[in-house]
Every structure is written in structure tokens, then in C-alpha cells.
Number of protein chains: 2
Amino acid sequence: MSLRHALLGFIQMLEPVSGYDLKKWFQGSINFYWPATHTQIYRTLGELAEQEFVRHKTIEQTTHPDKKVYSITQKGKAELTHWLKEPLKLPVTRHGLLVQLSFADMLTTEEILMLLSEYKHKVHTHLQFLNHDQQQFMQYGRSDRERILWELVLDSGIEYYQGELKWAEKAIRKLRSIKSRGKQPA
Amino acid sequence: MSLRHALLGFIQMLEPVSGYDLKKWFQGSINFYWPATHTQIYRTLGELAEQEFVRHKTIEQTTHPDKKVYSITQKGKAELTHWLKEPLKLPVTRHGLLVQLSFADMLTTEEILMLLSEYKHKVHTHLQFLNHDQQQFMQYGRSDRERILWELVLDSGIEYYQGELKWAEKAIRKLRSIKSRGKQPA
DNA sequence: TCATACATGTAAGTTGTTACATGATTGC
DNA sequence: GCAATCATGTAACAACTTACATGTATGA
């Protein structure tokens, strides 16, 4: 799984860094292609520490809760670079809307159009989010090369959602062309 | 979750149908946007039966193992049509390659190119698969309307993977343009 | 004063994966 | 003779989600 490696990657990049900050980095960057909740992050950090891929120090604070800051070990670096070179399986998308459409012959055309326009709207909002939030993140690139890589990643996301938008629009057009022939719901 | 509803959808469409056949339908159709193993399918069928969304009969066979065939109940149909109208969250893709690229500044450009061309190859193969396998499945559409819906679903998949192909090619071109400046691995 | 940020975690539940298990039949 | 198909399942594990839990500080 990639969560542990994503964490190793960020720790390597940001060390020393707290779980809390890692969570924020996740949300501000790789969230759209590898989301993780704080629960998952804290637990995985614990596991990584147990396996000695990372180590942590507790920083005592008075005004705020104490925090643990993590750094990567040699063993962790080795694991990370090894994983980085490994070809992975194709990503899996579980796309509920497509499941719905597969059986949507049970719905009226109006109802299907509602699903699609809701989807379109959500994708649209998310795209704006991406454009804004992630451009932010780009500025932390420490070299041209790193920024080029990050741009590729961002691009992939933007193109994906733009594709989804276009697809939804096409689907809406197609359905409108058969609008009057909707079945009644069961 | 959509697995139970995908199953309800198929059962409604194909009843009476065995778990084994459902598995085959999954593989031949919605596999690329909602994969499921036989383990998951059998377990979920059990749950659906317990909740009285489906019922089953055991068909005794001599030459082959006995089988259970499932049909949907009224309760199941109600659940399905309700779910079909419900707007869902945006789909989540966990895209390991993008995680790798995010930290790929640690790799040489050659190594990154390898990852990308491997990916391109896998996507390409998968696309051919889709085109072939799923066209097959289309023929089971029982009306123009159903076929139009299924075409939309297929389209979404094909466009997604075509987008990924194009993106990978673009990425490869960009990286080639900086090829000689690769860092050495750690 | 009310929400948000800071900072961490536990507990319980749901989903998904992998390996193990059986055993006849059909086609190459 | 050997692999694949038919047909079902269990067991163990891995990964992810949601709700619960705490308590200060800061800004609108």
C-alpha cells in the first residue's frame, strides 16, 4: 500500500514534521489521488516507527498540546527509494455514479438527468478547489525538476476532472435527446 | 456502499441468478469502476439475504456442485430504486503512480521514465481489454434506452483510460526534455 | 461567544484482499 | 494428462471510515 510510502516521502521532504502537519500536507496536495484521514495517518506513523522506518521526538509545549515530530531513518529511506521504483498495479476507481447508470433504466430520464447534473456540479466545484489549493502547494518545490514533477501530478488530476465534466455534459445531451421516453419508477 | 446495490441491480436484471454468475457479470462489465472478488460477492449476498433484500433457492445438481440462485424481494427493489436516485460523493481514485511521482525527485530521470512507460503499457493493454470485453456485454441491453445508458458508462471508462494514455505520453515528453539532469539514486 | 486551529489519540465497525479448501467435468 | 470451468465457501488479514474523546488559544 502507498500510504506508508506517501508518509515516508513527506517525512523525508519535511523532517522533522508532526503527524498533524503531515495531515495538512496530505490535504493540500495528494488528497485527490491518495486521501487519508488523521486516524489513518497517526496509526500508520505508529507502525512505521515500530518497524524503524521513522523515529520521533516528543516536543513539549505549554500553550498547545505536546507534539511528536518524525524523521526518517536510513532503513526508511531505503524502503522509500525501493518502493519509488516499483511499477504498481493500475489504479482502481470505485465510481458509484457509473453503477447507478448501469441500472438507471429503472429511473425516469428526469431522475437520471438530476444525478448527472449533481455530479457535474460536484466535479466543477472540486476542479476549482484543485486549481486554487494545489497551485499554492506548487510553490514549495525546491528545484525546477521537482516543480516539473509536481506539475505533472497536478495536470493528471485536472485533466481527469475536466474529462469527467465533458463526459457528464455529453451524457446530459444524449439523454435530453430521448427525454420524453422515460419510464415510470417502480 | 455500492457493492450491495450493484448486486441488487444485477439480481433484479438477471433473476434468478447464482453468485457465480454474478461474479462473471461483474468481471465482464462493471469491473473497471466497481471491482469485486468472489469472496466479497458471496459474503455480501449472505448479508443481503439476512436483511431480506434477496432470497435464494438451492438448486441441486448432479454433475456440478449445487448452486444457490438469488431473486430480489420487494424490500430489495425499494432499496435499489431509492439508492439509484441518491447523489453520491465524488469517486476516489488511489493512484499510486502519482504518489511516486510526487517524490520522484529522488530518482534518476531514467527511472522515472521507466515508471511512466510501464504505466502507459498497462493502460494500453487495459484499454484493448475494455474495448473488446465490454462491447460483448453491450449486446445484452434489452432496449435502446438501456443500451444508451450502458454506452455512457463504457464511454466514461474508455475516455478515462485514453486520458491517462495521453497524460503519460505528455509526461514522458516533458521528462525527456530534461533527461540529462537526473540525480543519482540515494 | 462561537467556531476554528492546534495536536493527539482510541474504539468499533465496514470493506477489501489473499490464501486455503474441495471436487467433478470438459476441452485441448 | 493438465488446465480451466463450474460452484461455493472460510479464515485471516489489511485498509479505510466514523464516531468518540480531550482541552487550550486565537480571531471574528
Side-chain angles (χ1 to χ4, degrees), chain A residues 1-7 14 16-28 30-51 54 56-70 83 88-96 99, chain B residues 1-7 14 16-28 30-51 54 56-70 83 88-96 99:
Chain A
M1 71 118 165
S2 305
L3 177 58
R4 41 197 314 113
H5 299 105
L7 283 170
L14 303 166
V17 62
S18 68
Y20 190 82
D21 286 333
L22 286 165
K23 192 198 80 191
K24 285 196 298 178
W25 277 85
F26 262 77
Q27 284 176 348
I30 72 171
N31 199 238
F32 79 91
Y33 54 91
W34 209 286
T37 59
H38 77 278
T39 308
Q40 241 180 309
I41 289 172
Y42 286 123
R43 179 170 18 107
T44 307
L45 283 173
E47 287 163 17
L48 287 171
E50 223 175 273
Q51 290 162 85
V54 301
H56 64 270
K57 279 184 186 149
T58 303
I59 308 272
E60 279 167 45
Q61 298 183 122
T62 46
T63 77
H64 289 293
D66 292 356
K67 64 177 170 181
K68 291 184 189 170
V69 294
Y70 290 84
W83 178 81
L88 305 175
K89 284 188 219 155
L90 279 186
V92 164
T93 307
R94 280 171 216 270
H95 200 319
V99 177
Chain B
M1 72 117 166
S2 305
L3 176 57
R4 41 196 315 112
H5 298 105
L7 283 170
L14 303 165
V17 62
S18 68
Y20 189 82
D21 286 333
L22 286 165
K23 191 198 81 191
K24 284 196 299 179
W25 277 85
F26 263 77
Q27 284 175 348
I30 72 172
N31 200 52
F32 79 92
Y33 54 92
W34 209 286
T37 60
H38 77 278
T39 308
Q40 242 179 310
I41 288 172
Y42 286 123
R43 188 180 35 195
T44 307
L45 283 173
E47 287 164 18
L48 287 171
E50 223 175 90
Q51 291 161 88
V54 300
H56 64 268
K57 279 183 186 149
T58 303
I59 308 272
E60 280 167 44
Q61 297 184 123
T62 46
T63 77
H64 288 292
D66 293 355
K67 64 176 169 181
K68 291 183 189 170
V69 294
Y70 290 84
W83 178 81
L88 305 175
K89 284 187 220 156
L90 279 186
V92 164
T93 307
R94 280 171 216 270
H95 200 319
V99 177

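Just so we're on the same page: letters track the sequence lines, and every chain starts at 1.
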Partners of A:R4 by salt bridge (charged side-chain N to carboxylate O under 4.0 Å, His left out), sequence neighbours excluded?
A:E47

Who pairs with A:T44 by side chain to side chain donor-acceptor pair (under 3.5 Å), at least two apart in sequence or on another chain?
none

Rounding to a whole Å, what distance do you find between B:I41:CD1 and D:dT8:C1'?
12 Å

Just checking B:K23: base, sugar-phosphate only, or nothing, at a heavy-atom cut-off of under 4.0 Å?
nothing

Can you find a side chain N or O atom of B:K24 that sits less than 4.0 Å from OP1 or OP2 on D:dT5?
no

Calculate the interatomic distance between A:Q27 atom CD and C:dA5 atom P; express it in whole Å.
10 Å

Locate the shortest heavy-atom distance separating B:S2 from B:W83; write the atom from each residue and the value.
OG-CZ2, 3.3 Å

Separation between NZ (B:K24) and OG (B:S18), nearest 0.5 Å, reads 7.5 Å

Atom of A:I41, atom of A:G19 and distance for their closest heavy-atom approach:
CG2-O, 4.1 Å

Quickly work out the B:L45 CG to D:dT8 P distance and round it to whole Å.
9 Å

Whole angstrom is fine here: how far is it from OH in A:Y20 over to P in D:dT24?
16 Å

Rounding to a whole Å, what distance do you find between A:K67:NZ and C:dT8:C1'?
12 Å

N/O donor-acceptor pairs under 3.5 Å from side chains in residues 30-39 of chain B, not counting sequence neighbours:
residue: B:Y33; atom: OH; partner: A:S102; partner atom: OG; Å: 2.6
residue: B:T37; atom: OG1; partner: B:Q40; partner atom: N; Å: 3.4

For a quick check, with a 4.0 angstrom heavy-atom cut-off, what is the B/S/- contact string for nucleotides 14-24 of chain C, read 5' to 3'?
-SBBBB---B-

I need the OH-P distance between A:Y42 and C:dT10, as an integer number of Å.
11 Å

Five pairs per end, C1' atoms only: what is the angle between the end axes of the helix from C:dT1-D:dA28 to C:dC28-D:dG1, to 10 degrees?
50°

Rounded to the nearest 0.5 angstrom, the CG-CG distance for A:D21 and A:L14 is 8.0 Å

At their closest point, which heavy atom of B:A6 faces which heavy atom of A:V99, and how far apart are they?
CB-CG1, 3.7 Å

Applying ring-ring contact (aromatic ring centres under 6.0 Å, His included), can you list everything that pairs with B:Y20, at least two apart in sequence or on another chain?
none

